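To start, the structure itself, in structure tokens.
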Amino acid sequence: MILGAITKRTVSFSTTHSLSRFSSSSRYGSTLVIAEHEGGVIKAPSLSAILAATSLDSSISLLLAGSGSSLHQAASQASSSHPSISQVLVADSDKFKNPLAEPWAKLVHLVHQSGGYSHIIAASSSFGKNVMPRAAALLNVSPITDVTRISDSNTFVRPIYAGNALCTVRYTGSSPCILTIRSTSFPVPKNSVDSKSSEASISEVDLSTFDEDIDKSRYISQTSQDDERPDLGNARIVISGGRALKNAENFKLIENLAKKLGGAVGATRAAVDAGFVANDLQVGQTGKIVAPELYMAFGISGAIQHLAGMRDSKVIVAVNSDADAPIFQVADYGLVGDLFEVIPELQEKLPEKK
């Protein structure tokens, strides 16, 4: 079959495995959601994973792990975050305070052995991409990654060819079916937490039989942007720049505009590779997938790898000196012009953020 460069087609594949005996709980359908938390709050991508799990029409258990008071605060919040959640499982141990794939994958394996889940879901974040394939290997199943739509309990849609085609996958393997979901495809309503809903039970995971691998990996450090800008993955407004900005000093034009609009800063891979900004600001197939209400692209030609990370944005505004740049094919509004003239003028016209 020939796939068009931009036209989205649907193709079907089947994933086949030798069938294994289902546990009684997985036979009737139950879903385990692997959730991330920070500062006592469930992260937004994990809320999207919970929303995706509701499409399976099964009971939902939520797994949280880590240590300290923030873990239990997150568990308390999770217990009332959605009426479909029947149980919150808490693994309280210093072994899980850092996002290392080895202990987390073993934890998923351990919890599944006792719960016998039909599906295990996580967000397709850097954490989910790190942990879930390893967990799938331990459970001897094939994961289905980057799911954008759940048609039924065994049929899923995911993008291929950098988002230029959609692939319908029917899972015919053994339990559990492991999924990572693209959080931008399952947006959570702003007031999704129902404080009046009944709280799910909170249970401690029995870690007495947990056997941690020694010396396979070691946590060194974690760095993050220490500023007031919103997180790139969840921002309502994203201002991105490309290689046309020429250097890191000029990239401050993008940062200043983002600050004035109250938005996040993004960049192309070329800009990241050139050292203009840190790699955690990269948007695209090998970076972050974003779908803000407004995406502004300055000096970005529109390579297919970049478009894969932002094409689902609600409104796309592109500024480029090349009238034939591919970015204009997906932009809602386009301006052919010099970004070094356009951005200062835009800064001058925009009112100060209140």
Side-chain angles (χ1 to χ4, degrees), residues 11-36 45-46 48-65 87 89 91 96 99-160 166-183 185-186 205 209-213 216-217:
V11 293
S12 297
F13 297 95
S14 292
T15 310
T16 306
H17 306 272
S18 57
L19 293 177
S20 63
R21 186 179 300 277
F22 282 40
S23 68
S24 59
S25 59
S26 66
R27 185 182 294 115
Y28 297 107
S30 57
T31 302
L32 177 67
V33 176
I34 314 302
E36 301 173 68
S46 293
S48 294
I50 295 170
L51 184 64
T54 62
S55 304
L56 297 170
D57 294 325
S58 63
S59 64
I60 299 173
S61 297
L62 194 71
L63 176 61
L64 292 168
Q87 184 182 34
L89 302 174
F96 311 116
L100 294 176
E102 289 83 0
W104 272 88
K106 281 204 165 190
L107 175 63
V108 173
H109 181 262
L110 175 68
V111 171
H112 172 71
Q113 283 183 320
S114 60
Y117 300 96
S118 58
H119 297 77
I120 301 178
I121 299 179
S124 189
S125 59
S126 57
F127 172 82
K129 291 176 181 178
N130 191 30
V131 172
M132 298 304 276
R134 191 177 187 91
L138 292 176
L139 292 166
N140 196 30
V141 297
S142 295
I144 301 175
T145 60
D146 224 19
V147 170
T148 57
R149 189 170 77 245
I150 297 176
S151 300
D152 58 48
S153 60
N154 293 310
T155 309
F156 313 96
V157 177
R158 62 183 300 273
I160 56 175
L166 295 176
C167 172
T168 297
V169 181
R170 180 173 294 278
Y171 184 76
T172 59
S174 57
S175 175
C177 175
I178 290 186
L179 309 171
T180 62
I181 61 97
R182 182 175 287 190
S183 58
S185 298
F186 298 91
V205 176
T209 59
F210 185 82
D211 180 25
E212 185 182 14
D213 289 329
K216 284 199 171 182
S217 64

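Heads up: numbering here begins at 1 and tracks the sequence. Quantities reported herein were computed from a predicted structural model and do not represent experimental measurements.
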_Applying side chain to side chain contact (heavy atoms under 4.5 Å, CB included) to M132 and I120, what does each step give before you reach the verdict?_
CA-CA 9 Å; M132 298 304 276; I120 301 178; 3.6 Å; yes
*Check step by step if side chain to side chain contact (heavy atoms under 4.5 Å, CB included) holds for V131 and I34.*
CA-CA 10 Å; V131 172; I34 314 302; 5.6 Å; no
*Mind running side chain to side chain contact (heavy atoms under 4.5 Å, CB included) on S174 and V141 for me, showing each step along the way?*
CA-CA 7 Å; S174 57; V141 297; 3.8 Å; yes
*May I have the step-by-step check of side chain to side chain contact (heavy atoms under 4.5 Å, CB included) for S175 and H112, ending in yes or no?*
CA-CA 10 Å; S175 175; H112 172 71; 4.2 Å; yes
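For S46 (side chain) and A123 (main-chain N/O), no donor-acceptor pair under 3.5 Å exists by modelled atom type. Proximity of a side-chain donor or acceptor of S118 to a complementary backbone N or O of S30 within less than 3.5 Å is detected. No donor-acceptor pair closer than 3.5 Å links the side chain of H119 to the backbone N or O of L179.
Here OG of S142 is found 6.5 Å from OH of Y171. Values are rounded to the nearest 0.5 Å. In this structure, the separation between CZ on R134 and CG on L138 is 6.5 Å, given to the nearest 0.5 Å. Note that the CZ atom of R182 and the CG atom of D146 stand 4.0 Å from one another [nearest 0.5 Å].
With sequence neighbours excluded, no residue satisfies ring-ring contact (aromatic ring centres under 6.0 Å, His included) with F186. Looking at residues two or more places apart in sequence or on another chain, you find a side chain to side chain contact (heavy atoms under 4.5 Å, CB included) between A53 and T31, V33, I60, I121. Judged as a side-chain hydrogen bond (donor to acceptor under 3.5 Å, both in side chains), and not counting sequence neighbours, S48 has no contacts. Checked against salt bridge (charged side-chain N to carboxylate O under 4.0 Å, His left out), R158 has no partners two or more places apart in sequence or in another chain. Residues satisfying the side chain to side chain contact (heavy atoms under 4.5 Å, CB included) criterion with A91, sequence neighbours excluded, are A65, F96, L107, V205, L207. For S151, the side chain to side chain contact (heavy atoms under 4.5 Å, CB included) partners are R149, T155, V157, not counting sequence neighbours. Remark: T180 pairs with no residue by the side-chain hydrogen bond (donor to acceptor under 3.5 Å, both in side chains) rule, at least two apart or across chains.
Among all heavy-atom pairs drawn from P159 and T148, the shortest one is CD-CG2, 3.6 Å. Of all heavy-atom pairs between F127 and P99, the closest is CD1-CB, 3.8 Å. The two residues I144 and C177 come nearest to each other via the heavy atoms CD1-SG, 4.4 Å. The two residues Y117 and V111 come nearest to each other via the heavy atoms CE1-O, 3.7 Å. The nearest pair of heavy atoms linking L139 to H109 is CD2-CD2, 3.3 Å. The heavy-atom pair separating I150 from A52 by the smallest distance is CD1-O, 3.4 Å.
Applying the salt bridge (charged side-chain N to carboxylate O under 4.0 Å, His left out) rule to pairs touching residues 112-130 yields nothing, sequence neighbours excluded. Every pair tested for ring pair (Phe, Tyr, Trp, His ring centres under 6.0 Å) that includes a residue from residues 128-154 fails, sequence neighbours excluded, so the list is empty.
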